[in-house]
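The shown structure was predicted, so the numbers you read here are calculated from the model rather than taken from an experiment. We number each residue from 1, following the sequence as shown. Because only heavy atoms are used, hydrogens play no part in the values below, and waters and symmetry mates are left out as well, while side chains stay in.
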Amino acid sequence: MSSALTYPLPVLPSIPDNLENLDSRYALPHLMALMKNTLIRGLNRAYACAPLVIVGHPALPPFLDYVRSLLAQLNVHLEEDATFFSANALVEVAATKANPDTKTIKESIISLTNLVSTWIMDESDFSSSALREGLSFGPALTAVMQVQIRALTPVLLSSIISHLDLLELIAASVSRISERSDMTFLLPFVVSHHDRTTSVHWPRIPEGCIEMFPALILNHPGCWQFAPYNPFNHEAQSLMAIFA
């Protein structure tokens with residue numbers, strides 16, 4: 001799983017525009033980049049935090065919850081990418097680099113998930129070096145994402161699908177992700193891993209969820225200290241504050 005990239009992984013380019021006001025065929029790669037960037041930032045935080053956590057530290061249990069939940073979301077994301085591009089309307093895209101083969105990466109995610117689950121059962125076995133080794137799929141995953149986003153050009157998409165038809169596919173994709181995800185993790189995760197200097201318009205919080213946000217946070221109360229941004233005020237957070 002070779003890649004010229006290393007940790008910290010670079011985020012994907014995005015635009016600050018309100019994507020809902022744009023043609024979906026132009027907006028799609030930018031929308032995908034914003035979501036993928038939250039996952040990339042999550043991997044960076046997990047990798048950076050690994051050597052700071054030691055067995056017996058009170059931050060270890062919530063950190064393992066954070067990593068396991070992140071890996072679960074990564075798996076959902078990759079599987080949904082494959083489902084999305086298998087739609088009949090996007091069959092011409094399915095055979096391009098916009099729909100990469102991530103089988104090996106998904107196997108690495110599952111393997112690390114199993115390892116993290118054993119540490120949750122017995123924290124005394126936790127190994128920061130083993131965690132970092134398990135996260136070694138990150139550079140290859142980021143490289144695949146870079147190629148995928150570059151391949152999804154407005155010219156390509158406009159040649160095979162209409163604006164409205166693509167909007168329907170995007171809405172169905174969001175619905176599937178919501179159904180397959182732990183929304184008590186996903187929603188706070190996206191908010192706390194999005195750099196608002198890149199876009200103030202995304203993510204758009206569903207109606208009713210804003211009021212529920214404080215309650216959602218409590219389902220994974222220790223996770224958000226590891227996020228790059230505070231989920232309430234969006235201020236940057238330092239990992240060193242956890243271990244001071």
Side-chain angles (χ1 to χ4, degrees), residues 1 3 5-9 36-79 102-142 177 180-194 212-233 235-244:
M1 206 177 298
S3 170
L5 300 176
T6 59
Y7 282 96
L9 306 169
K36 292 177 189 298
N37 281 345
T38 66
L39 298 169
I40 290 172
R41 292 189 186 99
L43 288 173
N44 282 339
R45 296 296 271 195
Y47 191 86
C49 191
L52 303 177
V53 185
I54 60 174
V55 174
H57 194 285
L60 180 55
F63 176 61
L64 293 176
D65 180 32
Y66 173 82
V67 175
R68 180 172 63 175
S69 299
L70 167 64
L71 293 171
Q73 204 55 54
L74 270 169
N75 196 48
V76 169
H77 181 83
L78 292 178
E79 290 188 355
T102 56
K103 181 175 182 270
T104 302
I105 294 173
K106 284 187 284 190
E107 288 173 350
S108 296
I109 292 173
I110 292 171
S111 177
L112 181 56
T113 299
N114 292 335
L115 181 58
V116 172
S117 295
T118 65
W119 291 335
I120 289 174
M121 296 293 292
D122 186 356
E123 296 169 16
S124 66
D125 289 336
F126 173 71
S127 166
S128 60
S129 60
L131 175 55
R132 278 194 155 188
E133 182 179 349
L135 290 168
S136 63
F137 64 83
L141 173 60
T142 304
I177 290 174
R180 298 196 56 218
S181 301
D182 173 4
M183 292 304 291
T184 68
F185 179 82
L186 177 59
L187 185 56
F189 174 84
V190 170
V191 170
S192 62
H193 289 70
H194 170 60
M212 296 169 53
F213 203 70
L216 290 176
I217 292 286
L218 295 177
N219 282 272
H220 297 271
C223 282
W224 314 119
Q225 63 187 316
F226 305 107
Y229 305 101
N230 184 294
F232 288 109
N233 59 26
E235 292 182 356
Q237 299 187 139
S238 170
L239 288 176
M240 299 310 299
I242 303 171
F243 307 99

Trainee: Roughly how far, to the nearest 0.5 Å, is CG of Leu43 from CZ of Arg41?
Mentor: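 Separation between the atoms: 12.0 Å.
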Trainee: Mind listing the closest non-hydrogen atom pair of Ala46 and Leu70 along with its distance?
Mentor: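 Distance-wise, the nearest heavy atoms are CB-CD2, 4.4 Å.
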Trainee: Walk me through it: do Asn37 and His194 pass the test side chain to side chain contact (heavy atoms under 4.5 Å, CB included)?
Mentor: CA-CA 7 Å; Asn37 281 345; His194 170 60; over 6 Å; no
Trainee: If you measure from CZ on Phe226 to CG on Asp65, what distance do you get to the nearest 0.5 Å?
Mentor: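 Answer rounded to 0.5 Å: 9.5 Å.
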Trainee: Closest heavy-atom contact between Ser127 and Ser129?
Mentor: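 Shortest heavy-atom contact: OG-OG, 3.0 Å.
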Trainee: How close do Ala227 and Gln237 get, counting heavy atoms only, and between which atoms?
Mentor: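 That would be O-NE2, 2.9 Å.
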Trainee: Is any side-chain heavy atom of Leu131 closer than 4.5 Å to a side-chain heavy atom of Leu112?
Mentor: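 With C-beta onward as the side chain, the pair touches.
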Trainee: How far apart are the closest heavy atoms of Ala48 and Arg132, and which atoms are they?
Mentor: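 Heavy-atom minimum between the residues: CA-NH2, 4.1 Å.
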Trainee: How far apart are the closest heavy atoms of Gln225 and Leu239, and which atoms are they?
Mentor: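 Result for this residue pair: O-CD2, 4.4 Å.
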Trainee: Report yes if the side chains of Leu60 and Trp119 come closer than 4.5 Å at any heavy-atom pair, otherwise no.
Mentor: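 SC-SC contact between Leu60 and Trp119 ruled out.
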Trainee: Heavy-atom distance under 4.5 Å between the side chains of Trp224 and Asn230, does that happen here?
Mentor: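 No, too far: nothing below the 4.5 Å cut-off.
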Trainee: Could you state the interatomic distance from NZ (Lys103) to CD (Glu107), rounded to the nearest 0.5 Å?
Mentor: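 Here the interatomic distance stands at 4.0 Å.
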Trainee: Once you measure the plane-to-plane angle for Tyr66 and His193, does it fall in the parallel (<30°), tilted (30-60°) or perpendicular (>60°) bin?
Mentor: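 Tyr66 vs His193 ring planes: parallel.
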Trainee: Hey, what do you get for CG (Leu74) to CD1 (Ile110), rounding to the nearest 0.5 Å?
Mentor: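 If I round to the nearest 0.5 Å, the distance is 11.5 Å.
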Trainee: Hey, could you give me the OH/OG distance between Tyr47 and Ser136, rounded to the nearest 0.5 Å?
Mentor: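 Going from the OH atom of Tyr47 to the OG atom of Ser136 covers 8.5 Å.
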Trainee: Using residues 182-190 as the side-chain source, report each donor-acceptor pair under 3.5 Å to any protein atom, sequence neighbours left out, with the distance given to one decimal.
Mentor:
unit_1 : atom_1 : unit_2 : atom_2 : d
Asp182 : OD1    : Thr184 : N      : 3.0
Asp182 : OD1    : Thr184 : OG1    : 2.5
Asp182 : OD2    : Thr184 : OG1    : 3.3
Asp182 : OD2    : His220 : NE2    : 2.8

Trainee: Measuring only between side-chain heavy atoms, which start at C-beta, is Asn114 closer than 4.5 Å to Thr118?
Mentor: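 No, too far: nothing below the 4.5 Å cut-off.
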Trainee: Grab the two heavy atoms, one from Phe126 and one from Val53, that are nearest each other, plus how far apart they are.
Mentor: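 Here Phe126 and Val53 meet closest at CE2-O, 3.6 Å.
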Trainee: Is there side-chain contact between Phe63 and Ile242, with heavy atoms separated by less than 4.5 Å?
Mentor: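 The answer is no, as the side chains (C-beta and beyond) never meet within the 4.5 Å cut-off.
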Trainee: Does a sphere of radius 6.0 Å around CD in Glu133 hold more than 12 heavy atoms from other residues, nucleotides or ligands, not counting ones at 6.0 Å or beyond?
Mentor: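 Counting neighbours around CD of Glu133, 12 or fewer heavy atoms of other residues, nucleotides or ligands fall under 6.0 Å, so no.
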Trainee: Do Leu64 and Arg68 have side-chain heavy atoms sitting under 4.5 Å apart?
Mentor: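 No - every pair of side-chain heavy atoms lies 4.5 Å or more apart.
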Trainee: Enter the distance from Leu115:CG to Asp125:CG here, rounded to the nearest 0.5 Å.
Mentor: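 Nearest 0.5 Å value for the CG-CG distance: 9.0 Å.
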Trainee: Do Thr142 and Lys36 have side chains that get closer than 4.5 Å, going by heavy atoms?
Mentor: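 When only atoms from C-beta onward are counted, Lys36 and Thr142 do not touch, as no gap falls below 4.5 Å.
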Trainee: Is a side-chain donor or acceptor of Thr113 paired with a backbone partner of Ile109 at a separation under 3.5 angstrom?
Mentor: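 Yes; at least one donor-acceptor contact below 3.5 Å.
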Trainee: Side chains of Leu9 and Leu141: closer than 4.5 Å at any heavy-atom pair?
Mentor: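 Of all side-chain heavy-atom pairs linking Leu141 with Leu9, none is under 4.5 Å.
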